[in-house]
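Quick notes on the structure that follows.
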Amino acid sequence: MSDPQAANGPAGAEREPAGAFDAKAFIASLPNRPGVYRMIGAQEALLYVGKAKDLKKRVSSYFLKTVSSPRIAHMVERVVRIDTTVTASEAEALLLENNLIKTGSPRYNIVFRDDKSYPLLRFSAHAFPRIAYYRGAIDRRGEYFGPFPNAWAVKESIQVLQKVFRLRTCEDSIFNNRSRPCLLHQIERCSAPCVQRISATDYRADVDAALKFLRGQQDEVLKDLERKMFAASDALRFEQAAVLRNRMTALARVQNGQTMETSGDTDADIVAAVVQGGRICVNLAMVRGGRHLGDKPYFPIHGGLFGDDADSQAEIIEAFLIQHYQDNPVPPILIGNARLASEAVIEHLQTQAGRSVQWIHQPQQVRRRWLDMAQQNARIALTRLLSEEGSQKARTRALAQVLGLDADGDLDTLHVECFDISHTAGEATQASCVVFREHAMQSRLYRRFNIEGITGGDDYAAMKQVLTRRYEKLSLRESPPDSDEGEVRAKAKAESLGLPDIVLIDGGKGQVEMARQVFEQLGLDISRLVGVAKGEGRKVGLETLVFVDGRAALELGKESAALMLVAQIRDEAHRFAITGMRAKRAKARVASRLDDIEGIGPKRKQRLLARFGSIRGIIAASVDDLAAVEGVSHTLAEDIYRRLH
């Protein structure tokens, strides 16, 4: 990358006010070379990052008398200065642009949130490979198929493979310790290799056929099954012939169920961008091995000013392609509903993939149907989102009104946190904190707290501990407000520190009183505290909102939109707490079941877990298998077996 060329004034120079940017003089100084430009607004706000094949031509296009869109005009009005960086090529500029967008999240760029890795279907490296749902780093110890757009698509494919090829799905620890076939074998979903009901050679043949099926070679698999069926019939092995016939029938049903099937294409992604109601949806549909696996909608941030014209669609899709495929494999065929403005995007994807990548924006036949379906699904997802957003915003406004907050202000920033305590008769106590912001639950901000050092079942002490740990770093004790001005400063400090506007406590007067004590000790505003006391029969809609700042308790009733939002947040806190508590409890109980057996110390426990993989594997093991572990006598093995069953 070449040296940066910036339009900055002398160090420490006073910035020009927005709208006073001398575009003509600046453009005259730009070179006719590829690079990246950054539009900067007041207070050093990063407005936009763009790439250019020719910096002078591209930047000058923003300052024409007739601008291309209201979005561009809106942005240019706020430009204070423009920084540029010259690069060796347009492809290099594209990479730099993407990095700057990811790190700076400019106001007028499209930014797609980072998502979890896509799920895969994994064939384990085993004499009798296991098929399983997988998400994570790929290694060489197995074979992988995918990616799939969602977990449901993987599980559906596993069900197909079980019906047609009868491959195992059990963990190795279970497989190694079976003494008789499981239920899946009885319902003809597994060939029971665990008890030698099928040879390794025949099972491997089924695995190879499954892989061919996943790679789009369904016709070849059908012909092979048909050949084997007739051979078995000629040899008078009618039961085997019937099994093969049933597999062919199941495979044919799968093929007939695929309304978007093709034998010509192996792997392809379909990308459709739709703009509606001030929101953008990019729908990604995946085809692997000629099978349409489903699709997934993406809703980028900072997209509210884009139009539905061809140029906007192209910019949206280009942004998606660069950001999405930075961390995901690129298929050989990409189909979209816009002509790309820059060839550098595809060149970059080809470099990343190490092979040719084809972009098709005017597909024909089955590819046309793929694209039409992707566009239709994008519109459906966008309509659903807009409907849900409208309903959720109405609930947020209703809650603000009920609690005396500014219901006419910017409710996108309304920050609600809710706490719940969960345990089983005092065992494995955990507290949860969930966050509601921007009219939605923000799962990435959720937190769990292990509660220690209290009497089991003491919810008040648990609540005190979790609130103290959550908010002690946000304490305002060092600068309590002693005047109106001080109160304003304190409120500003609280907002900058990330204090929520509302703190919901799942409980009645007792829990809320404990929360009040914590907040007063930390110098926090107790008016933020709202208790959610359960109603008769714990039915949703009968809750009472409890306050500690002198306000009377509120019974809003079943029809209250505000109470429905409170119940939604409260229920999510309860769900998050109880799942964490159950996991903690199960872990503790698993360990204690072995620890309670006389003669099992740390070393023997470690050897047993290493040999059988998990407590489930130990439970499934026979006495002879247990006795085969070093340091475990036959008598001790019998004791272990008896205590675990």
Side-chain angles (χ1 to χ4, degrees), residues 391-421 431-447 449 463-464 466-476 487 490-509 511-520 522-534 540-541 543-556 560-577:
S391 175
Q392 197 70 299
K393 286 181 179 179
R395 288 182 175 185
T396 306
R397 182 168 290 104
L399 180 61
Q401 290 173 342
V402 164
L403 298 180
L405 303 176
D406 182 9
D408 296 323
D410 183 9
L411 294 179
D412 289 348
T413 61
L414 184 70
H415 182 176
V416 182
E417 293 188 0
C418 182
F419 294 84
D420 188 26
I421 308 296
S432 70
C433 172
V434 300
V435 179
F436 177 87
R437 192 180 176 93
E438 297 177 0
H439 310 286
M441 302 305 301
Q442 305 293 330
S443 58
R444 69 185 186 279
L445 301 178
Y446 290 6
R447 295 292 182 270
F449 299 83
M463 185 62 71
K464 180 177 181 179
V466 67
L467 291 174
T468 302
R469 289 167 60 183
R470 177 67 170 172
Y471 296 124
E472 61 185 348
K473 292 182 180 179
L474 307 182
S475 172
L476 300 177
E487 186 175 349
K491 184 177 180 180
K493 180 178 180 181
E495 292 174 351
S496 67
L497 289 172
L499 275 171
D501 301 290
I502 304 167
V503 177
L504 294 178
I505 305 297
D506 186 17
K509 293 181 179 179
Q511 285 88 345
V512 178
E513 171 59 24
M514 186 59 66
R516 182 194 65 78
Q517 294 177 20
V518 172
F519 267 47
E520 287 188 342
L522 298 177
L524 302 178
D525 182 5
I526 64 171
S527 67
R528 300 170 186 264
L529 295 170
V530 181
V532 187
K534 299 178 179 66
V540 175
E543 295 90 345
T544 301
L545 301 187
V546 181
F547 308 94
V548 293
D549 59 354
R551 284 178 287 176
L554 291 176
E555 295 183 5
L556 301 178
S560 170
L563 188 58
M564 291 303 100
L565 177 56
V566 168
Q568 174 192 346
I569 300 171
R570 187 273 316 275
D571 291 346
E572 177 67 356
H574 182 66
R575 180 203 64 79
F576 192 59

Close side-chain approach of [X] and [Y], heavy atoms under 4.5 Å:
X: I502; Y: L405; result: yes
X: R528; Y: D549; result: no
X: F436; Y: L565; result: yes
X: Y471; Y: V518; result: no
X: M514; Y: Q517; result: yes
X: I526; Y: E520; result: yes

Q) Does NE2 belonging to H415 count more than 12 external heavy atoms closer than 6.0 Å? A)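 More than 12 heavy atoms, drawn from other residues, nucleotides or ligands, come within 6.0 Å of this atom.
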Drop me the distance from [X]'s [atom1] to [Y]'s [atom2], to the nearest 0.5 angstrom.
X: R570; Y: E543; atom1: CZ; atom2: CD; answer: 4.5 Å
X: E472; Y: L467; atom1: CD; atom2: CG; answer: 11.0 Å
X: R469; Y: K464; atom1: CZ; atom2: NZ; answer: 14.5 Å
X: E572; Y: D420; atom1: CD; atom2: CG; answer: 11.0 Å
X: L524; Y: R516; atom1: CG; atom2: CZ; answer: 13.0 Å
X: S432; Y: I421; atom1: OG; atom2: CD1; answer: 7.5 Å

What heavy-atom pair brings [X] and [Y] nearest, and what distance separates the two atoms?
X: F419; Y: V503; value: CE1-CG1, 3.8 Å
X: D506; Y: V532; value: OD1-O, 3.8 Å
X: V512; Y: G531; value: CG2-CA, 3.2 Å
X: R447; Y: F576; value: O-CE2, 3.4 Å
X: A573; Y: C418; value: CB-SG, 3.8 Å
X: M441; Y: I569; value: SD-CG1, 4.0 Å

Q.
So does L411 get a backbone contact from the side chain of R397, meaning a donor-acceptor N/O pair under 3.5 Å?
A.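 No: the side chain of R397 does not pair with the backbone of L411.
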Q: Determine yes or no for a side-chain-to-main-chain donor-acceptor pair under 3.5 angstrom, with Q442 supplying the side chain and V435 the backbone.
A: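 Judged by distance alone, no pair lies under 3.5 Å.
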Q) After noting the C-alpha distance and the side-chain angles of M463 and I505, does the key distance pass the side chain to side chain contact (heavy atoms under 4.5 Å, CB included) rule? A) CA-CA 9 Å; M463 185 62 71; I505 305 297; 3.7 Å; yes
Q | Verdict with supporting geometry, V416 and R437, side chain to side chain contact (heavy atoms under 4.5 Å, CB included) | A | CA-CA 6 Å; V416 182; R437 192 180 176 93; over 6 Å; no
